[in-house]
Chemist: 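Below you will find the structure I want to go over with you.
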Amino acid sequence: MKVVIVGGVAGGATAAARIRRLDEQAEIVVFERSGYVSYANCGLPYYIGGVIERREDLTLQTPESFFSRFRVSMKVHHEVTAIHPERRTVSVKNLETCEEFEEKYDKLLLAPGAKPAQPRLPGIGMDKLFTLRTVEDTFRIREYIDSKHPKSAVLAGGGFIGLELAENLRELGMEVTIVQQLNHLMNPFDSDMAAFIHNEMRRHGVKLLLGHTVEGFEEKDEGVDVLLKDKKPLHADMVVMAIGVTPDTQLAKDAGLKLGIKGSILVNERMETSVSDIYAVGDAVQVKNYVTGEDALISLAGPANKQGRIAADNICGGDSRYFGSGATSVIKVFDMTAATTGISETTAKEAGIDTDKVILSPMSHAGYYPGGKVMTMKVIFEKDTCRLLGAQIVGYDGVDKRIDVLAVSIQAGLKATQLKDLDLAYAPPYSSAKDPVNMAGFMIENISKGIVKQFYLEDVPKLLGDESVILLDVRTPEEYNGGHIDGFINIPVDHLRERLGELDLGKPVYVMCQSGLRSYIAARILAGHGCDCYNFTGGFRFYDAVMNDRCLVEKAAACGMDQ
């Protein structure tokens with residue numbers, strides 16, 4: 001059996017190694033148009049910033065090492081230009097010699113990946129304008145920085161690459177501005193949770209210009225003017241386009257393979273395309289989001305690696321299946337970690353799912369053990385069924401651990417109330433006896449049983465000034481005087497029973513504290529005295545962070561620059 005693989009990196013290289021482990025006799029040829037067949041794509045921004053110091057550390061395997069271990073022929077600088085299913089061949093061009101030839105196959109695997117989105121804007125193509133997708137892109141940016149010593153950069157796009165590159169360029173001492181069309185960074189996150197990411201970026205000197213559209217580029221004063229819609233241009237020494245990626249599927253289209261959303265390659269659970277003996281994996285293929293069941297494009301290394309293994313199994317006569325992705329991801333944002341799994345509240349509502357949520361601020365480990373840090377967790381679930389839909393966490397220590405537990409819970413089909421039952425590891429340096437994931441489960445169980453009712457950040461504006469309700473802040477006077485929402489009266493929770501006479505318990509009471517715990521206790525006290533009461537999810541800490549961020553975003557929209 002002869003297997004030809006188009007593209008290396010995650011999906012293609014994984015498939016090649018797996019095929020060899022399953023079939024020692026197979027002939028395996030990989031064509032990769034770049035000069036690198038297996039590299040750490042996610043590590044590229046960290047080489048630019050000098051965190052990864054050596055070029056060779058980016059390369060996981062070389063053609064020579066791959067051949068030595070697996071006897072796989074890795075042909076770098078070879079571009080497949082056409083597929084001929086009727087005669088089972090591909091046309092190949094050697095980019096170094098310009099030689100063109102056809103290669104036969106018995107099985108063909110497409111792993112072309114995705115390419116940076118490149119809108120047709122004026123100025124695209126100038127030498128101070130970069131994209132970051134390949135090792136060659138990385139070296140180009142690093143060499144420009146080393147030779148030209150730019151002092152400022154504009155990053156168009158606020159996704160994974162934009163944030164990671166912003167951090168690394170700031171560590172080099174550059175002034176960095178991110179321009180993002182959406183009103184928040186990191187689209188997988190809801191805007192309220194993204195507020196914490198914004199704050200961390202600003203704290204490290206990154207300027208944010210959110211809700212603005214880039215319309216073109218002009219060379220000016222030995223730098224680049226970034227042209228914005230309805231705003232003055234931004235000037236910088238260099239610009240990086242990081243507005244996302246699109247499936248690189250022209251080959252598949254020309255060969256007549258069926259395509260899916262945004263031109264992606266349509267595959268079944270076995271990673272088979274619409275044409276016999278042709279498989280496809282990675283960023284170029286359409287998959288299922290296993291939370292919504294909807295078609296999706298999920299450009300992450302984990303799914304690509306799994307798909308490569310599954311395709312290899314099936315090429316070798318097995319029957320492996322890929323059932324979709326929950327889009328679990330994590331990112332380092334300077335000192336902070338931000339992670340998400342499943343779907344956001346925004347996505348759930350767009351899908352017509354009747355959702356609810358809990359927002360909590362647990363410590364990363366036992367509070368009495370030194371060094372614990374607060375994280376902010378948002379867990380989304382379906383109201384009637386308590387089906388677990390997604391989660392977002394921002395914080396410092398322990399974020400990745402909790403998001404992985406929640407990711408497994410979603411994939412296993414656990415209800416949100418079952419989070420309380422998970423038996424998770426505990427020792428004071430690592431967690432609490434009631435882990436944050438358990439705490440989310442306790443809160444959701446209380447909601448599902450009607451023990452507590454919630455109100456949310458979006459409810460606050462219509463409650464302010466409503467004389468038919470009581471707004472109650474149960475923090476200490478010191479906390480209240482340090483910042484509160486006008487219209488909320490202050491009665492500390494530990495004095496509430498003695499001061500119930502100050503409240504008209506015939507009115508609904510909306511209760512807030514710093515994180516949501518003391519207000520929950522207050523709500524139970526009030527409910528015990530026959531009061532209709534609601535607990536604010538997230539607490540004043542959450543409200544203050546989100547509202548301050550929104551104020552800054554609105555100011556930036558008005559004046560054209562983040563404050």
Side-chain angles (χ1 to χ4, degrees), residues 5-18 30 32-34 36-48 51-52 57-62 66 74 109-117 131-138 157 159-165 167-168 186-189 242 244-249 264-265 267 271 279-290 296-313 320 322-333 337-342 399-400 403-404 407-408 410-411:
I5 299 175
V6 181
V9 197
T14 295
R18 176 68 171 172
V30 178
E32 168 61 47
R33 65 186 164 201
S34 77
Y36 300 87
V37 74
S38 180
Y39 58 88
N41 191 288
C42 299
L44 301 182
Y46 299 99
Y47 175 76
I48 291 170
V51 177
I52 298 172
D57 288 340
L58 292 173
T59 305
L60 305 179
Q61 291 278 0
T62 65
F66 224 105
M74 291 284 189
L109 174 64
L110 303 179
K115 56 188 177 183
T131 59
L132 180 56
R133 182 67 178 174
T134 67
V135 175
E136 286 89 348
D137 294 336
T138 308
F160 287 96
I161 291 295
L163 266 64
E164 290 169 347
L165 194 53
E167 175 180 343
N168 281 278
M186 295 297 293
N187 191 41
F189 289 79
V245 295
T246 57
D248 192 357
T249 57
S264 58
I265 302 172
V267 294
M271 309 314 296
Y279 299 75
V281 300
D283 295 353
V285 305
Q286 175 181 295
V287 299
K288 291 286 185 185
N289 182 304
Y290 59 57
L297 290 176
I298 298 176
S299 299
L300 295 169
N305 275 280
K306 295 179 187 72
Q307 292 161 18
R309 178 185 174 91
I310 288 166
D313 287 352
S320 293
Y322 184 75
F323 296 109
S325 172
T328 303
S329 63
V330 64
I331 185 172
K332 178 181 179 293
V333 185
T337 300
T340 180
T341 188
V399 169
D400 54 341
I403 207 70
D404 282 344
V408 171
I410 292 172
Q411 191 164 4

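Any value given below was found using the heavy atoms of this structure, including those in side chains, with hydrogens, waters and symmetry copies removed.
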Chemist: Report the C-alpha distance between Ile410 and Tyr290 in whole Å, list the side-chain angles of each, state the deciding distance to 0.1 Å, and finish with yes or no for side chain to side chain contact (heavy atoms under 4.5 Å, CB included).
Modeler: CA-CA 9 Å; Ile410 292 172; Tyr290 59 57; 4.0 Å; yes

Chemist: In chain order, what residues pass the ring pair (Phe, Tyr, Trp, His ring centres under 6.0 Å) check against Tyr46, with sequence neighbours excluded?
Modeler: none

Chemist: Output all residues satisfying ring pair (Phe, Tyr, Trp, His ring centres under 6.0 Å) with Phe66, sequence neighbours left out; order by chain, then residue number.
Modeler: Phe70

Chemist: Which residues satisfy the side-chain hydrogen bond (donor to acceptor under 3.5 Å, both in side chains) test with Thr131, sequence neighbours excluded?
Modeler: none

Chemist: Report the residues that fulfil side-chain hydrogen bond (donor to acceptor under 3.5 Å, both in side chains) with Asp400, sequence neighbours left out, ordered by chain and then residue number.
Modeler: none

Chemist: Could you check if a side-chain atom of Met186 sits within less than 4.5 angstrom of a side-chain atom of Val333, using non-hydrogen atoms only?
Modeler: no

Chemist: According to side chain to side chain contact (heavy atoms under 4.5 Å, CB included), who are the partners of Asp404, at least two apart in sequence or on a separate chain?
Modeler: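 With sequence neighbours excluded, Asp404 shows a side chain to side chain contact (heavy atoms under 4.5 Å, CB included) to Thr328, given in chain and number order.
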
Chemist: Could you list the residues that satisfy side chain to side chain contact (heavy atoms under 4.5 Å, CB included) with Lys115, not counting sequence neighbours?
Modeler: Thr246, Asp248

Chemist: Enumerate the salt bridge (Lys or Arg N to Asp or Glu O under 4.0 Å) contacts for residues 280-290, please, sequence neighbours excluded, ordered by first and then second residue.
Modeler: Arg133-Asp283, Lys288-Asp295

Chemist: Return the set of residues passing side-chain hydrogen bond (donor to acceptor under 3.5 Å, both in side chains) with Thr14 (not counting sequence neighbours), or none when no residue passes.
Modeler: Asn305

Chemist: Does the side chain of Val135 reach to within under 4.5 Å of the side chain of Tyr47, using non-hydrogen atoms?
Modeler: no

Chemist: Side chain to side chain contact (heavy atoms under 4.5 Å, CB included) with Ala339: which residues, sequence neighbours excluded?
Modeler: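 Listed in chain order: Val330, Val399, Ile403.
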
Chemist: Suppose we screen for side chain to side chain contact (heavy atoms under 4.5 Å, CB included). Which residues come up paired with Thr134, at least two apart in sequence or across chains?
Modeler: Tyr39, Glu136, Asp137

Chemist: Taking salt bridge (charged side-chain N to carboxylate O under 4.0 Å, His left out) as the definition, give me every residue that meets it alongside Glu32, ordered by chain and number, with sequence neighbours left out.
Modeler: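 Salt bridge (charged side-chain N to carboxylate O under 4.0 Å, His left out) list for Glu32, sorted by chain: empty.
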
Chemist: Please check this pair: side chain of Gln307 against backbone of Gly282, looking for a donor-acceptor N/O pair closer than 3.5 Å.
Modeler: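 Yes.
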
